[in-house]
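Below you'll find the structure, written out as structure tokens, and then a few comments.
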Protein chains: 2
Amino acid sequence: MEENFESIADVYKALGDKTRLRIMALLSHGELCVCELVGALSMSQPSISQHLRKLKQAGLLKERKTAQWVYYSLDVVKFPLLEDIVRALPDVAQEYQALLSQGLGTRCNVSL
Amino acid sequence: MEENFESIADVYKALGDKTRLRIMALLSHGELCVCELVGALSMSQPSISQHLRKLKQAGLLKERKTAQWVYYSLDVVKFPLLEDIVRALPDVAQEYQALLSQGLGTRCNVSL
DNA sequence: CTATAATATAAGTAAATTGTTATATAACGA
DNA sequence: TCGTTATATAACAATTTACTTATATTATAG
């Protein structure tokens with residue numbers, strides 16, 4: 001019981017950051033690789049990787065590795081309420097489409 | 001748009017603490033005064049007051065002052081999703097009933 | 001094999017968080 | 001009015017968080 005509140009708090013702690021919320025909003029439209037998120041959020045790559053790790057540790061994201069890319073996507077299994085939560089976020093469909101129009105993963109060869 | 005993510009993040013930040021989640025779970029059954037929460041959670045009075053302030057600043061609680069007591073209750077108006085969020089918390093009906101059975105507010109005269 | 005791109009991790013730092021104790025404020029009761 | 005109860009706030013210490021820069025890891029391309 002005590003333990004339960006703790007692990008649920010960890011979920012909300014993971015969501016309690018505007019950068020991570022923007023990541024969740026983008027991923028609600030589909031999976032994205034790290035470098036695409038770096039481009040979309042204009043933050044440093046280590047910072048994005050660390051945010052993704054937190055979201056993954058909270059059980060909110062899953063990853064899929066292909067070639068040199070790691071694609072992240074929402075994982076609604078462990079926390080079904082997540083669907084409603086991301087639905088309540090500001091819409092970022094336009095930003096997501098902008099990423100797609102450049103070709104998934106393939107336009108990440110920008111200088112770090 | 002940027003601003004929006006920030007204020008939503010503040011809500012989840014407020015929920016990202018196990019003590020505050022326990023407070024929300026208790027208040028989901030009805031309003032309680034500060035000293036009742038102090039008794040239920042066995043934490044210091046200043047600590048509880050500070051947690052309540054955070055929840056209130058995030059727009060999740062409202063307060064009602066009567067005599068020397070301040071009663072807090074859930075405020076689902078600004079953030080409708082809150083109803084689903086508290087419903088997903090562990091049940092504390094038993095703890096809440098234990099508080100009520102001692103007489104609302106009236107059994108708070110314990111030594112600080 | 002080597003250079004490069006994508007990602008992760010480590011170390012360091014500044015800022016935010018959470019508890020504590022001490023004190024202020026305000027209402028009540030004798 | 002005086003002492004007590006309920007609550008809030010201030011000041012401080014310990015911990016956690018969120019960046020930064022530097023480096024490690026892994027896959028790919030040539």
Side-chain angles (χ1 to χ4, degrees), chain A residues 5-6 9-23 31-58 61-73 99 102-112, chain B residues 5-6 9-23 31-58 61-73 99 102-112:
Chain A
F5 280 106
E6 181 97 60
D10 285 340
V11 170
Y12 291 118
K13 212 172 292 181
L15 293 170
D17 177 275
K18 85 174 174 194
T19 298
R20 289 195 289 271
L21 283 186
R22 294 184 66 201
I23 290 173
E31 65 176 14
L32 289 170
C33 68
V34 180
C35 61
E36 290 171 318
L37 288 165
V38 169
L41 301 173
S42 44
M43 289 183 63
S44 75
Q45 175 269 317
S47 186
I48 297 294
S49 274
Q50 286 156 6
H51 282 303
L52 289 169
R53 183 171 46 180
K54 285 212 169 177
L55 290 166
K56 183 151 184 289
Q57 281 176 343
L61 294 185
K62 55 193 175 192
E63 67 180 39
R64 178 176 72 84
K65 301 191 184 190
T66 297
Q68 68 268 51
W69 298 290
V70 180
Y71 290 90
Y72 284 89
S73 56
L99 289 178
Q102 298 174 295
L104 254 174
T106 59
R107 95 272 153 289
C108 278
N109 52 340
V110 288
S111 64
L112 292 180
Chain B
F5 279 107
E6 182 96 60
D10 286 341
V11 169
Y12 292 118
K13 212 172 293 181
L15 293 169
D17 177 277
K18 85 173 176 196
T19 298
R20 289 195 290 271
L21 283 186
R22 294 184 66 200
I23 289 174
E31 67 175 15
L32 289 170
C33 69
V34 180
C35 62
E36 290 172 316
L37 288 166
V38 170
L41 301 172
S42 42
M43 288 184 63
S44 75
Q45 174 270 318
S47 186
I48 297 294
S49 274
Q50 285 156 8
H51 282 302
L52 289 169
R53 181 170 48 177
K54 283 211 173 181
L55 289 166
K56 183 151 184 288
Q57 281 176 343
L61 293 185
K62 53 192 176 196
E63 67 180 40
R64 177 176 73 84
K65 302 190 183 190
T66 297
Q68 70 268 49
W69 296 290
V70 180
Y71 289 91
Y72 284 90
S73 57
L99 288 178
Q102 298 173 294
L104 254 175
T106 58
R107 93 279 152 286
C108 278
N109 53 340
V110 288
S111 62
L112 291 180

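Quick note on labels: first sequence line is chain A, next is B, and so on, each numbered from 1.
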Within the pair A:Thr19 and D:dC19, is there a side-chain N or O less than 4.0 Å away from OP1 or OP2? yes
So does A:Arg53 get a side-chain nitrogen or oxygen closer than 4.0 Å to the phosphate oxygens (OP1/OP2) of C:dA8? no
Using a cut-off of less than 4.0 Å, is there contact between a side-chain N or O of B:Tyr72 and OP1 or OP2 of D:dA6? no
Measure the distance from CG on A:Leu41 to P on D:dA18 and round it to the nearest whole Å. 15 Å
Give the nucleotide from the list D:dA6, D:dA8, D:dA18 with an atom nearest to the side chain of A:Arg20. D:dA18
Test item: A:Arg20 side-chain N/O and A:His51 main-chain N/O as donor-acceptor pair under 3.5 Å: no
Rounded to whole angstroms, how far apart are CD on B:Glu31 and P on D:dT7? 12 Å
Out of curiosity, B:Ile48 CD1 to B:Thr19 OG1, how far, rounded to the nearest 0.5 Å? 6.5 Å
Rounded to whole Å, the CD1-P distance (B:Ile48 to C:dT21) equals 14 Å
Tell me whether the count of non-hydrogen atoms from other residues, nucleotides or ligands lying under 6.0 Å of NZ in A:Lys56 goes above 12. no
OP1 or OP2 of D:dC19 less than 4.0 angstrom from a side-chain nitrogen or oxygen of A:His51, does that happen here? yes
Considering every strand and a 4.0 Å limit on heavy-atom distances, what is the contact class for B:Lys65: base, sugar-phosphate, or nothing? nothing
If the sugar-phosphate is the primed atoms plus P, OP1 and OP2 and the base is the rest, what is the B/S/- string for nucleotides 21-30 of chain D, using protein heavy atoms under 4.0 Å? BB----SS--
Below the 4.0 Å mark, does D:dT7 have OP1 or OP2 next to a side-chain nitrogen or oxygen of B:Tyr71? no
Starting at NZ of B:Lys13 and ending at C1' of C:dA16, how long is that distance when rounded to a whole Å? 8 Å
When you measure from the side chain of B:Gln57 to the backbone of B:Lys54, do you find a donor-acceptor pair of N or O atoms at a distance under 3.5 Å? no
Take the protein atom CH2 of A:Trp69 and the nucleotide atom C1' of C:dA8, then report the distance between them rounded to whole Å. 18 Å
Separation of A:Arg22 atom CZ from D:dA18 atom P, in whole Å? 16 Å
Please report the distance, rounded to the nearest Å, between CG in B:Leu37 and C1' in D:dA8. 15 Å
At under 4.0 Å between heavy atoms, what does B:Lys54 touch on the DNA or RNA strands: base, sugar-phosphate, or nothing? sugar-phosphate
Checking the side chain of A:Thr66 only, and the main-chain atoms of A:Trp69 only, is there a donor and an acceptor separated by less than 3.5 Å? no
Measuring from atom CZ of A:Arg53 to atom CG of A:Leu55, what distance do you get when rounded to the nearest 0.5 angstrom? 11.5 Å
Checking side chain to side chain contact (heavy atoms under 4.5 Å, CB included) for the pair A:Ser49/A:Val34: CA distance, chi angles, key distance, verdict? CA-CA 7 Å; A:Ser49 274; A:Val34 180; 4.0 Å; yes
Length of the CD-C1' vector between B:Glu6 and D:dA18, whole Å: 13 Å
